[in-house]
Amino acid sequence: MERISTQFKEASPSREAMLDQRTVDATAKSTHRIISRNVREYQFIVPYKERVEVGEIFSVHDIRGDIEFLARVLDIEHDSNYSGNWDTALRGVDFYDQEQIFNRIKAEPLGCVENGSFKKARTIPTKFSSVSQTSGDEFSFLRKVMGDIEVGRLRNGSQVVEDIPVALHSDAMDHHMGVFATTGMGKSNFMKVFAASCMRLAADGNSSFGLLVVDPHGEYLKGTKGGRSKGLVHLKSFSSGLACYSTDRENRSMPQVEELSVAAGEIDPGDISVLYDWSSAQRDALEAIDRVFDSASWLDEIQSPTGIARMVEEGFGENTINVISRRIKTLLGRNSYIQNRSSIPNIIRNLKEGKVVLVDIPRMSDRSELFLLSIISRRIMDEYKRELASGEERRACLITIEEAQRVLGGGSGSISRFETIAREGRKFGVGLCAITQQPKLIDKQLLSQFNTLVILGLSDRNDRSRLEESAKQDLSSMEIEIQTLEKGEAIISTLKIPFPVPAKIHRFEDYVRTLSSEVGEGDLLMGRGADLRRGGGFRPTMD
Amino acid sequence: MERKALEEVALAIKERLKLESSEQFMEATGIEKSDYKPLTVEEFDGLTFAVDGSNLSICDWSIAQANLIRAGYVVYRGKAWQRTKTTFDRIFLADRRSYRDQFLPYMKAFFGLDTLALKETELDRLTTYFREMQEYIALSLALDEARKGDLLLYDGGLSQWKERPFGGALDAIFSKAEERGVSLLGISKSSTLSWGEEISRPFIQHAAILGERLLPEKAWYLEVGEKRIDPRPGGAVRSYVARFHPRASRAFRVDAPSGDGIDLALSHAAGYSGSAESLGYPHALFRAHHEMRIGRDEGALLRLFLMEELGRSGLELDEAEVSLDYHEILDSCL
């Protein structure tokens, strides 16, 4: 061993030979280096005054060579090379040894970039590899995995990475999508941005699915009154990608909006059952209607004395049938869109063309909305099933359901119609876009069918837990980040993008303005704007 | 042990530690209110050097002990750490018969001394002496770097060692400090200075309590040279008690080669005793303590490597183990 002090070969050893003098000075950089821990968690340290945010993505530049690891910050702790309770002495507030006192960053590995391609990391970075905040260029691999429906920009912590758009894949849309957020976190804004991008694809002739949006709040068409927010009609450049149907007299007067109508003959007894809580006897009677009456005339017959008498003959109580008859009368009286003609064939045609179909039903009651959605969804499923059987080519379809917990909570009766779409729709090219602020109320198995999750901030731990349990990608480590999302910020977990992506969703009004300024209406109609848009995305302008 | 016995011990400790009467303390020690001098907390432009050392037993074969010894110093300018210099970091193999061969080359090379005589009772503490010698070498090397007006702090007392084996080395250090215009202070983390007649009471701690009563919320110092304490500091070295920060709960014993400029030197030390890391203790010494400390893991690793080397040298592991101090075998079972 070298470190035996007394073994001097010379009679008069030099001072240097007798000592082990070595100096470490302030130029030695000790922070921004990986110090631990394993393949599931990296830890590195940064100066204690440096700002780092949960969700921020850092690059680990491995000292072995051309491999770069990416890791997302999960947690930040005060730490130091000194042990003891010196930093809890309230009397002392002035740190002298700044390089000995630091923040320990705990980060989750996202993967590694090797030779320009991204893959999951099966090893750990070399100890003391340097760490830096990931820059725009280092995210460039993400461009390759993004889809065609742009919804925002990549977000690194609270910083927006302008060069990297976040875009969903059209061909994942029949695998169902969920949009989850508490009130005011930007669900409607997200859906409008999503619809606008779908309109853009449709206007360009690049759409591979139709989007059905049923809007009971009257905010998607024109935005809110007073012009504080805009609607889809303001995206004039891509109006050819939008088809609107409305029950509102004023809105129907707009040139691009048709009156919504549903033919009475399209109504199925199953559609009625969604509206009320029926007793088991009443439910039995509803299910027997198909057998007793002709499907084209049952609605009139069951309201007539002879029809009621036939049902009584079938063994149902008179009171039971009277209740059903009375409720149907009320229903027909309240929903004036039930007429002799129907918009549904046109709606389905628009969807097959890959358009965004907006069904505008302002001021409609909760029950009536579900009733309408139930009829349209059933017709869409029937049509797509028929076409699959016939081998006909058509675009896929995505049906949007607001307050989806109403129909995806694992109930029975006609509500299970939507559950059927969630379970089987993919086979026929029909997907669901479930929007809710209470994912905890959605059936766990149904939720697991959703391959795209857009999470815009959930304060309820049970809501977050339900999503973590059901997501295709591991969200368990993102608890803190989801909890701390600001309005308009999202975590998007979807197929084909290798990890849950933090995003800043475009503000719809900015999106409309930017698209409108980049693509003139005339250019679009002539198809010139498409190349420009595909060239390099856009930069949203701020108010 | 019975609770009654513990209770008696607790009472005996309390009797020693608790300062019941300031007047009694002042009368017994001769300390007066005017002895407490307010200390101006003063920053300065010079460098602060802080010297410390440590040792850790690696293996003990009774007739020879292998100890890792480390010594060095840190350098600060104001609150900013500049560098840490390790001056010695080796295993010392303590051997009563050959200790002169181990010590004298250093004494000669660094202090120009070619004699060293340890008493028979002192030979049991060869490792401690070797570490002290290395700390004095570190002091000497720090002085080589220091310039006029700089402050040199040593983790330990200077007073009692003057009459010990390294008195000559300390003389050389004191002279060098004086020549270079460097203020040298030895600051002790623990002190056996005591007062009282029938039982020993802690002098530094009680002086600190009295100081807080007389000069609350102030930094201060007190010279102890002529006071009635045990053991009474002797020789040329001057001893003090100092509280370096107005909100510090502790005071420390401070030794200085002479009383010249002590007020300024203590003020400079107080100027950098306000860190959150070690409030009331000169921060440079805090850092030096941490930088020079040898961790148990490091000791365990060295022991492992040493055993491997012993194997390579032809000594079987059994032979090495059977010669170990049996304390080591017993303790390894814990």
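The figures here come from the full heavy-atom set of this structure, side chains too, leaving out hydrogens, waters and symmetry mates.
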Notebook entry, point to check: What residue, out of B/Thr87, B/Asp95, B/Val74, has the most heavy-atom pairs lying under 4.5 Å from chain A?
Noted result: B/Thr87

Margin query: Nearest 0.5 angstrom please: B/Lys79 NZ to A/Tyr96 OH, how far?
Written below: 5.0 Å

Check: Less than 4.5 Å apart, any side-chain heavy atom of A/Arg15 and any of B/Leu141?
Finding: yes

Note to self: Please check if the number of heavy atoms outside B/Lys189 that lie under 6.0 Å from its NZ is greater than 12.
What the structure shows: yes

Check: Is chain A contacted by the side chain of B/Ile69, its backbone, both, or neither, given a heavy-atom distance below 4.5 Å?
Finding: neither

Notebook entry, point to check: If you draw a 6.0 Å radius around NZ in B/Lys218, do more than 12 non-hydrogen atoms from other residues or ligands fall strictly inside?
Noted result: no

Next item on the list: Would you confirm whether B/Tyr106, through its side chain, and A/Met18, through its main-chain N or O, come within 3.5 Å as a donor-acceptor pair?
Entry: yes

Next item on the list: Measure distances from B/Tyr272 to the heavy atoms of chain A and classify the residue's part below 4.5 Å as side chain, backbone, both or neither.
Entry: both

Check: Can you check whether B/Arg287 reaches A/Asp97 side chain to side chain, under 4.5 Å on heavy atoms?
Finding: yes

Atom pairs and distances, donor-acceptor, side-chain atoms in residues 41-55 of chain B, under 3.5 Å, two or more places apart:
from: B/Ser54; atom 1: OG; to: B/Met292; atom 2: O; distance (Å): 2.5
from: B/Asn55; atom 1: OD1; to: B/Arg131; atom 2: NH1; distance (Å): 3.0

Notebook entry, point to check: In terms of heavy-atom pairs under 4.5 Å, which option from B/Glu291, B/Lys108, B/His283 contacts chain A the most?
Noted result: B/His283

Item checked: Side-chain heavy atoms of B/Lys85 within contact of A/Gln21, under 4.5 Å -> yes

Margin query: Can you tell me if B/Arg97 has over 12 outside heavy atoms packed within less than 6.0 Å of its CZ?
Written below: no

Check: What do you reckon, is CZ of B/Arg250 surrounded by more than 12 foreign heavy atoms closer than 6.0 Å?
Finding: no

Check: Heavy-atom distance under 4.5 Å to chain A: side chain of B/Ser273, backbone, both or neither?
Finding: backbone

Margin query: Restricting to non-hydrogen atoms, name the atom on A/Leu19 and the atom on B/Phe88 that form the minimum distance, rounded to 0.1 Å.
Written below: CD2-CD1, 4.0 Å

Notebook entry, point to check: Near A/Asn38 CG, under 6.0 Å, is it more than 12 heavy atoms from other residues, nucleotides or ligands?
Noted result: yes

Notebook entry, point to check: With sequence neighbours excluded, what pairs up with A/Phe58 under the ring pair (Phe, Tyr, Trp, His ring centres under 6.0 Å) test?
Noted result: A/Phe44

